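Working notes for the structure below.
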Amino acid sequence: MDKFKKIISHSKEYGFIFPSSEIYDGLSAVYDYGQNGVELKNNIKYYWWKAMTQINENIVGIDSAIFMHPTIWKASGHVGAFNDPLIDNKDSKKRYRADVLIEEYLEKIGKKIDKEINKAKKRYGDNFDKAEFLKTNKRILGHQRKIDELNERFVKAFEIGDLKEFETKLGSVSEDANKIYLRPETAQGIFVNYLNVQKTGRMKLPFGISQIGKAFRNEIVARQFIFRMREFEQMEMQFFVKPGTEIEWFKKWKEKRMKWHKILSFGEEKYRFHDHEKLAHYANAATDIEFEFPFGFREVEGIHSRTDFDLSSHQKFSGKKISYFDNELQKSYIPYVVETSIGLDRMFLLVLSAAYTEEEIKKENGKLDKRVVLKIPFFLSPIKLAIFPLIKKDGMPEKAKKIFNDLKFDFNCQYDEKDSIGKRYRRQDAIGTPFCITIDHETLKSETVTIRYRDSMKQERIEIKNLFDILYKKLSINSLLKNL
RNA sequence: GCGAAAGUAGCUCAGUCGGUAGAGCGUCAGCCUUCCAAGCUGAAGGUCGCGGGUUCGAACCUCGUCUUUCGCUCCA
């Protein structure tokens, strides 16, 4: 079995990811996060939110609704507006609408059929049976087949474009006017709140707004586990800057975001930039941060210089003036935007892919043993600390529970007294718990416990009264954040 | 969308010729006490993906259907 398959079944077996609606045979490309998955996911969010919002005095966060005014998606170009596909003729330097061209071509073929009919009429005179002729004439049938094929492709091509956004109805009466979309990206929620935040937060350029939230895309092919889902979560930050400085900021964020990834120590060689040569209509620079998943290098995060496309478009469609008065320059302008956008679910898969490790261990009796361990960075682990009584008597469970109850407010802890101690250690390895505390006979005499480390499997004896300080130091992300 | 394969216990799988559904692991309860998943006893858990057909009788044969996975195509 290849590594990717193993990760998928490990995810299910240990409560990280379940297929959606499983007891009803599942729902394709939708997944649920289980008891350990939700903890890991929340910890990733926390790391991102701290790094991208709270430790930057010029970045604030918002949480905008998934439902938005339908015109927003016209302004952003997701629906309607430039769904009319444009096509350039490089020879004539003229721009055409693809749908018009197709229709014209269809009409041309239609005329050919008419010509055939007229010719036949002349030839057969009164005996001419038009319906029969249409059914039997080889040339007409050929033309008709062409038309049908083109029509089918044409309709399909436009349906697909439309299907990308999920539609729903606002209000209890289902009329067309009430049609709204589930957002295909969170960014627009930031753009339409730009003025609110800038004014109420007294924000000065350059500044950023970040947001974590769900987005929905009706992908035609959605596969590869949680890598491409129909419902997914994005962590985005839109950074508003003075026009002309956007490339400088683009470069800055590109480096900063890569640093955020590499500081997790999954291996520098697993990351790379992929600069876009072809740019989207709204961008003047774009790059992806790619990670080497078990199925190859894939995009985890995008960094785009979006120019003033979005804000200008919203100004146009809403009729509200969106500009920033620059005191230095003594003039108003629409800010430019540099976006960092990372897929939370992809980041989750990245962590699992990087952390999943199978080890062979030589036992004391010389036999080989296998262990599966998730080497998740400590602060991202779902459970931080497991607490075991070595045996289930002599007052050890009571002592262990007391320690559990003291520490559970500060760290996500788990108590386990079932099965042999070795089995319990391995269970924690499988979900990536960095530390296990064991209460043994010695504990009852000297107020000490053993702490066992996940990655090295080594143990140390420490005093119970020092537990909190030791754990706090090992689990803190302050030193990481300071290095960003 | 097209093509292929697969669906039996929580997981991995067996199931002979069509004759009352099995194993290992896991789970739970109890015993034992030993710091790296392997001790002992017991228990729970399955309309064999779903529906029709053939048959005295279908997990097994047959048809349909659904779901999942893989490849191609499309999209980013």
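Predicted model only: the values in this text are computed from it and were never measured. Throughout, protein chains are lettered first and strands after them, A, B, ... in sequence-line order, and every chain is numbered starting at 1.
Atoms NZ (A/K12) and P (B/C25) sit 20 Å apart, rounded to a whole Å. Whole-Å rounding puts the A/K370 NZ to B/U12 P distance at 16 Å. Atom C1' of nucleotide B/C28 and atom NZ of A/K418 are separated by 7 Å, given to the nearest angstrom. What separates NZ of A/K5 from P of B/U68 is a distance of 16 Å, to the nearest Å. A/I8 places its CD1 atom 20 Å from the P atom of B/G10, with the value rounded to the nearest Å. Atom OH of A/Y425 and atom C1' of B/U34 are 12 Å apart (whole Å). For A/M457 and B/A37, the CE to C1' distance is 10 Å, given to the nearest whole Å. In this entry the distance linking NZ of A/K392 with C1' of B/C28 reads 11 Å, nearest Å.
Picking from B/U33, B/C36, B/A38 the nucleotide with the shortest atom distance to the side chain of A/R426 gives B/C36. Among the nucleotides B/U69, B/U27, B/C35, the one closest to the side chain of A/D419 is B/U27. Nearest nucleotide to the A/Y14 side chain, out of B/C75, B/A37, B/U33: B/A37. Nearest to the side chain of A/R228, among B/C35, B/U69, B/C75, sits B/C75. Checking B/G10, B/U27, B/G26 against the side-chain heavy atoms of A/K423 singles out B/G26 as nearest.
Between B/C60 and B/A4, the distance separating the two P atoms is 22 Å to the nearest Å. For the P atom pair drawn from B/A21 and B/A9, the interatomic distance equals 15 Å after rounding to whole Å. Between B/C17 and B/C74, the two P atoms lie 46 Å apart (nearest whole Å). Straight-line distance between the P atoms of B/C48 and B/U8: roughly 11 Å, to the nearest whole Å. B/G10 and B/C28 are spaced 15 Å apart, taking the P atom of each and rounding to whole Å. For the C1' atoms, the distance from B/U20 to B/A59 is 13 Å, rounded to whole Å. Here the separation of B/G71 from B/U65, taken at their P atoms, is 25 Å to the nearest Å. The same atom, P, is picked in B/A29 and in B/G45; the two are 16 Å apart, to the nearest Å.
Summary of the strand contacts: A/F4 and A/K393 both lie near RNA chain B, and taking for each the nucleotide with the nearest heavy atom, the more 5' one is attributed to A/K393.
Base pairing of B/U69 is made with B/A4, judged by Watson-Crick or G-U wobble geometry with both donor-acceptor distances under 3.5 Å. In this structure B/G39 sits in a base pair with B/C31, meeting the Watson-Crick or G-U test at under 3.5 Å. Nucleotide B/A9 is matched to nothing when pairs are restricted to Watson-Crick or G-U wobble geometry with both distances under 3.5 angstrom. Remark: B/A59 base-pairs with no nucleotide; criterion is Watson-Crick or G-U wobble with both hydrogen-bond distances under 3.5 Å.
Defined by atom type and a distance below 3.5 Å, a donor-acceptor pair is present between the side-chain atoms of A/T287 and A/D275. Between the side chains of A/E236 and A/Q211, not a single donor N or O lies within less than 3.5 Å of an accepting N or O.
Contact annotation: A/R427 reaches the phosphate of B/U27 (side-chain N/O to OP1 or OP2, under 4.0 Å).
For the pair A/K41 and A/Y33, the cation-pi test (distance below 6.0 Å, angle within 45°) is passed.
Between A/F435 and A/Y453, the angle of the ring planes goes over 60°, which puts this pair in the perpendicular group of the 30/60° scheme.
We find that A/D469 and A/K474 are not joined by a salt bridge, their nearest charged nitrogen and carboxylate oxygen being 4.0 Å or further apart.
Nucleic acid contact for A/D429: none, since no nucleic acid atom lies under 4.0 Å from a heavy atom of the residue. Heavy atoms of A/F232 sit nowhere under 4.0 angstrom from any nucleic acid atom. Within the 4.0 angstrom heavy-atom criterion, base atoms lie near A/R452. A/E299 comes within contact range of no nucleotide atom at all, as no heavy-atom separation falls under 4.0 Å.
Counting atom types as modelled, A/E13 pairs no side-chain N or O with a base atom of B/C11 as donor and acceptor under 3.5 Å.
Counting only distance, with no hydrogens or angles, the side chain of A/K384 and the backbone of A/S381 share a donor-acceptor pair below 3.5 Å.
Between A/R452 and A/R371, the closest heavy-atom pair is NH2-NH1, 3.7 Å.
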